[in-house]
Q: 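Pasting a structure below so you can have a look.
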Amino acid sequence: MKDNKSKGNSVKTFAAATAILIAIVAAVFIVSSLICSRKGDEKYKELEEVSLTETYSGLSSRQEDVILGDMDTSYVAALLPAGLFEEDVMVTIANADRRDYKAYDRSQFTSIIAPFDISVEGTEATRLNKEVTLQFIIPSGSLSKIKFAEDLRVTYFDGSEWFSYEPDSVDLETGVVLYTTDHFSTHGLAAASDSQIKAEMAKEFAIENWKQDNDAKMVHDASKALISDLVKTKIGITDSRILNKIIDEVAKENDFGYLVVALKNNDSAGYSTKLAEMTARVLSKNVKSVDLASQLKVIANESSYYATYTQATSALIENDTELALKAIANVLLDSALVGRIFKAGTEVISASIDCWKNSSVENMYLVYRNGGNKFSYSDVEAGDFETLWERSEALERQIYIVAIKKYCSLNGVSADSITTEKMNEIRAKAKQNLKDQFAARAKAESDLKKSQSDYIKLFTYFEQRDLLTVDMLGYDNTMSLEDRLTRLNIVMNNILDMTGMELTFSKHSDTGKMPAVDLVTAMRYWYNDKDHKQSIEYLKEMGYLDKDYGTVTPTATPTVTEAPETANTTPEPVTPTMSTKAEEEDGEEKQPKEEAQAAETKEYAWVYIGTSVNDWESIIDNANEKAYPNWYKQIDFSEGSVTVSNTYTGEDNEYYWMRNGISEAGRLTWTAPPTTVIQAKEEFSMEMTSEHLYHDHPNQAGIGQMCASYYRVTEDGEQDGYATDLMDRDGTYFFMSTVSNNYQPMSNTVYGTFGSGDEEHDKMAIAINCEGIVFRYLYEWKQQ
């Protein structure tokens with residue numbers, strides 16, 4: 001941002017300039033910071049593009065590796081492995097003709113090494129039967145300006161558009177970049193802008209989520225029948241309605257992704273334990289349909305399991321649900337069915353491909369989806385997998401190698417021990433699996449595009465709430481944007497998994513969904529302490545977690561019978577009474593606490609009790625006193641409207657633009673929120689508008705900014721804990737009409753949702769903040 005400053009002026013001029021900086025320039029800077037106006041896409045604009053110093057040609061040999069290019073005199077070289085072609089051919093590296101490719105979009109890339117062609121005897125593009133390693137040297141003039149290795153991209157022009165991929169390795173100390181490719185065409189080396197990195201990360205996250213969901217669905221479908229047998233055999237449940245409910249809920253468990261990970265790692269013990277615990281936990285959650293303690297009779301009926309039964313029921317008495325689940329899990333683990341389920345799952349996972357980030361796989365998929373062109377697979381039509389496979393010798397070899405390694409890992413054998421017949425079977429399956437995965441992804445493209453678009457929206461929320469800012473949330477100058485987005489994605493998934501919610505960009509509180517504005521707020525609190533207490537409390541407040549989350553509540557109070565005297569004796573455990581508390585002293589049974597609380601909560605809401613406003617006159621008087629004699633600020637205030645003006649009252653400045661009497665003004669208006677009742681978890685809204693009225697000189701920045709938030713209030717009327725911003729559907733929470741947005745008015749509807757109160761007479765405030773004024777609408781948690 002440029003300042004209106006002039007070097008070498010008099011002291012008087014400097015003082016005037018200082019006043020302007022305080023009153024105007026600093027204000028613009030603050031506003032720009034608040035709305036997260038960043039120039040990230042220009043961070044590499046000073047890099048200088050270099051071209052190859054000369055053309056290199058060399059004979060690719062069938063007998064030995066060949067290095068094409070001279071790293072001492074140019075910036076690019078290629079390692080051509082022996083047998084790259086069926087016969088010795090001439091390969092050439094040369095600067096690309098600018099008429100054959102379009103320039104980079106500068107909002108996406110800044111070129112470091114100008115595009116160049118690798119061709120074979122004049123052919124523009126050739127698919128290879130082995131991979132070629134390209135080596136780049138970053139010129140010294142650019143090397144010192146590149147901050148993060150993660151920002152570098154090797155680019156590839158397909159005849160109509162540029163694609164980019166992360167290099168295999170980057171050494172910023174030596175300036176060496178390595179990248180492997182299975183085709184010759186037009187390549188380049190560039191630095192990616194922030195917007196390009198966000199677009200790539202959004203695509204990567206979208207594909208990874210689709211892949212995980214696809215893997216989990218296949219594992220679930222393969223395992224469902226076997227899990228049903230396990231529950232029937234070891235828990236003794238045969239009612240088909242209850243059985244189906246349990247099986248479906250196991251599939252919905254947040255830990256189901258853990259099963260997929262265990263399968264990938266061939267961790268049969270971890271898989272079996274987690275599956276058993278999940279099944280037992282779902283049983284305990286369905287206690288009204290399935291009396292868990294009485295079902296333990298099945299375990300107790302076998303004397304060898306009686307110790308497990310005693311441990312489980314004792315644990316339930318002591319409210320140690322976790323120990324009880326582990327005891328039940330131990331019984332389930334004895335079943336050979338778990339091994340069958342694990343085998344079914346591993347077969348599914350072995351069919352999944354894990355290399356979507358591999359540039360060769362991605363290129364091959366794009367041709368499968370779109371068809372080839374003169375630069376790549378020119379004879380392949382969209383959807384023609386067989387022809388595409390025949391043209392991809394190098395990638396075919398990679399896919400086979402990965403498949404064989406997976407088979408050896410899952411079966412504990414070496415590649416040398418695999419018979420020719422089995423090897424051919426593995427290869428045939430690998431090819432079919434890749435074909436099926438391509439077809440599945442192509443079918444899901446519309447969903448992937450929506451998911452990618454949603455991630456871009458989410459990144460905007462991150463930026464607006466300063467989650468991408470260096471020095472925020474533990475970030476520092478050593479952490480790249482890519483690393484920050486990756487970390488935030490992990491935190492986001494942790495919160496969604498913890499709550500069992502799905503992300504939505506609607507502000508409505510749909511069942512099972514969490515609006516992005518609430519998710520991002522919870523993410524900010526996530527870093528405030530190592531136990532994430534603030535985030536958890538916020539999620540409880542908003543109703544995404546139960547109030548007793550983190551505490552153990554007994555689901556039953558079983559009575560333990562004594563052990564049998566002999567192995568042939570069958571114990572008769574007592575069926576527990578499913579009440580939450582013992583009878584009262586007078587012998588009458590208490591109403592269940594949860595039902596009483598539910599009934600009581602229904603009668604309560606946030607009832608409007610009035611308004612309050614801070615001592616804004618004193619704040620403005622103090623500001624004017626500090627700005628005297630140069631500036632005078634005036635405010636006309638009434639509920640729902642603030643008109644503010646700023647006038648220069650100092651002397652005319654012969655060296656600067658200020659003239660006595662010039663002024664600027666803006667108007668801020670809002671509509672009141674509900675002034676009767678706001679129900680817990682019910683969305684409310686307000687209209688907020690910032691309007692620029694006038695400015696007498698083009699150097700004036702404009703005046704008038706506003707935002708709104710809501711928070712708990714103490715008995716003394718002070719803010720209690722965190723505040724949550726009211727935002728519009730696009731995540732905007734700061735409204736202004738100044739030079740930062742070309743003086744254009746900003747007007748939209750903002751939304752918020754109160755959680756439930758903890759106790760009667762709890763208080764909540766909706767606060768409007770504008771130009772030193774804090775106007776609040778107050779509510780109290782009480783019976784309507």
Side-chain angles (χ1 to χ4, degrees), residues 15-35 610-651 653 657-672 686-697 699-711 713 716-719 723 725-726 733-741 743 745-747 765-778:
T18 302
I20 295 300
L21 284 174
I22 295 173
I24 298 177
V25 179
V28 175
F29 178 80
I30 292 171
V31 170
S32 299
S33 298
L34 285 170
I35 63 171
T611 62
S612 71
V613 64
N614 66 334
D615 185 11
W616 62 271
E617 292 97 337
S618 296
I619 294 174
I620 300 304
D621 289 344
N622 186 51
N624 284 332
E625 184 178 341
K626 290 182 177 179
Y628 179 83
N630 292 323
W631 295 97
Y632 180 74
K633 188 174 185 179
Q634 184 175 0
I635 287 182
D636 292 327
F637 163 71
S638 62
E639 181 178 341
S641 177
V642 171
T643 301
V644 56
S645 64
N646 206 20
T647 303
Y648 181 66
T649 55
E651 298 179 358
N653 191 315
W657 56 268
M658 284 95 71
R659 297 293 181 268
N660 184 273
I662 64 171
S663 65
E664 58 185 347
R667 181 183 295 119
L668 309 167
T669 58
W670 66 91
T671 60
M686 303 170 59
E687 296 284 341
M688 300 187 71
T689 301
S690 174
E691 180 184 7
H692 180 71
L693 299 180
Y694 66 85
H695 59 283
D696 291 335
H697 193 281
N699 282 359
Q700 291 177 289
I703 190 168
Q705 301 93 37
M706 68 186 305
C707 61
S709 61
Y710 57 93
Y711 47 78
V713 178
D716 298 329
E718 300 296 326
Q719 179 176 331
D725 295 317
L726 276 73
Y733 67 96
F734 196 81
F735 291 78
M736 64 179 182
S737 179
T738 66
V739 68
S740 296
N741 69 331
Y743 305 106
M746 289 185 66
S747 180
I766 300 174
I768 314 299
N769 294 267
C770 49
E771 296 298 331
I773 296 175
V774 180
F775 186 81
R776 304 193 303 180
Y777 297 88
L778 301 173

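This one's a predicted model, so the numbers in the text were calculated from it and none came from an experiment.
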Q: By side chain to side chain donor-acceptor pair (under 3.5 Å), which residues pair with D621, not counting sequence neighbours?
A: none
Q: For Y632, enumerate each residue passing the ring pair (Phe, Tyr, Trp, His ring centres under 6.0 Å) test, keeping only those at least two apart in sequence or located in another chain.
A: none
Q: Sequence neighbours left out, what passes side chain to side chain donor-acceptor pair (under 3.5 Å) with T689? Give chain and number order.
A: S747
Q: Would you please name every residue forming a side chain to side chain contact (heavy atoms under 4.5 Å, CB included) with H692, sequence neighbours left out?
A: H695, S737, Y743
Q: Taking all non-hydrogen atoms of both residues into account, name the closest pair between A765 and L778 and its distance.
A: CB-CD2, 3.7 Å
Q: Atom CG of N630 and atom CG of N624: how far apart are they, to the nearest 0.5 Å?
A: 12.0 Å
Q: Who are the side chain to side chain donor-acceptor pair (under 3.5 Å) partners of S641, not counting sequence neighbours?
A: none
Q: Which residues pass the ring pair (Phe, Tyr, Trp, His ring centres under 6.0 Å) test with W670, not counting sequence neighbours?
A: none
Q: Measuring from S612:OG to Y777:OH, what's the distance to the nearest 0.5 Å?
A: 10.5 Å
Q: Apply side chain to side chain contact (heavy atoms under 4.5 Å, CB included) to A623 and list each qualifying residue two or more places apart in sequence or on a separate chain.
A: none
Q: If I compare all heavy atoms of F637 with all of V642, which pair ends up nearest, and what's the gap?
A: CD1-CG2, 3.6 Å
Q: Who pairs with E687 by side chain to side chain donor-acceptor pair (under 3.5 Å), at least two apart in sequence or on another chain?
A: T749
Q: Quick check: closest heavy atoms across T647 and S663, and the distance to 0.1 Å?
A: OG1-CB, 3.3 Å
Q: Just so I know, are the side chains of R659 and Y648 near enough to count as touching, which here means a heavy-atom distance under 4.5 Å?
A: no
Q: Could you pull out the closest heavy-atom pair between E771 and I635, with the gap in Å?
A: O-CD1, 3.5 Å
Q: Mind listing the closest non-hydrogen atom pair of L668 and M706 along with its distance?
A: CB-SD, 3.7 Å
Q: With a 3.5 Å distance limit and no angle check, can you tell me whether N614 reaches the backbone of V774 through a side-chain donor-acceptor pair?
A: yes
Q: Residues in ring pair (Phe, Tyr, Trp, His ring centres under 6.0 Å) with F735, at least two apart?
A: none
Q: Could you check whether any side-chain heavy atom of M686 comes within less than 4.5 Å of a side-chain heavy atom of I768, counting everything from C-beta outward?
A: yes
Q: Could you check whether any side-chain N or O of D725 sits under 3.5 Å from a backbone N or O of S709, counting only pairs where one atom can act as donor and the other as acceptor?
A: no
Q: Please list, chain by chain and in numerical order, all residues satisfying side chain to side chain contact (heavy atoms under 4.5 Å, CB included) with Q719, sequence neighbours excluded.
A: Y711, A723
Q: Is it true that a side-chain atom of E664 and a backbone atom of G702 form a donor plus acceptor pair closer than 3.5 Å?
A: yes
Q: Which pair of non-hydrogen atoms, one from G772 and one from W616, has the smallest distance, and what is that distance?
A: O-CB, 3.9 Å
Q: Can you list the residues that meet the salt bridge (Lys or Arg N to Asp or Glu O under 4.0 Å) rule with R776, with sequence neighbours excluded?
A: none
Q: Could you list the residues that satisfy side chain to side chain contact (heavy atoms under 4.5 Å, CB included) with E691, not counting sequence neighbours?
A: R667, L693
Q: Closer than 3.5 angstrom, by distance alone: can the side chain of N769 be matched with the main-chain N or O of A708 as a donor-acceptor pair?
A: no
Q: Going from CD1 on I619 to CD1 on I773, what distance comes out if it is rounded to the nearest 0.5 angstrom?
A: 9.0 Å
Q: First locate atom CD of E639, then atom OG1 of T611, and finally report the distance between them rounded to the nearest 0.5 Å.
A: 5.5 Å
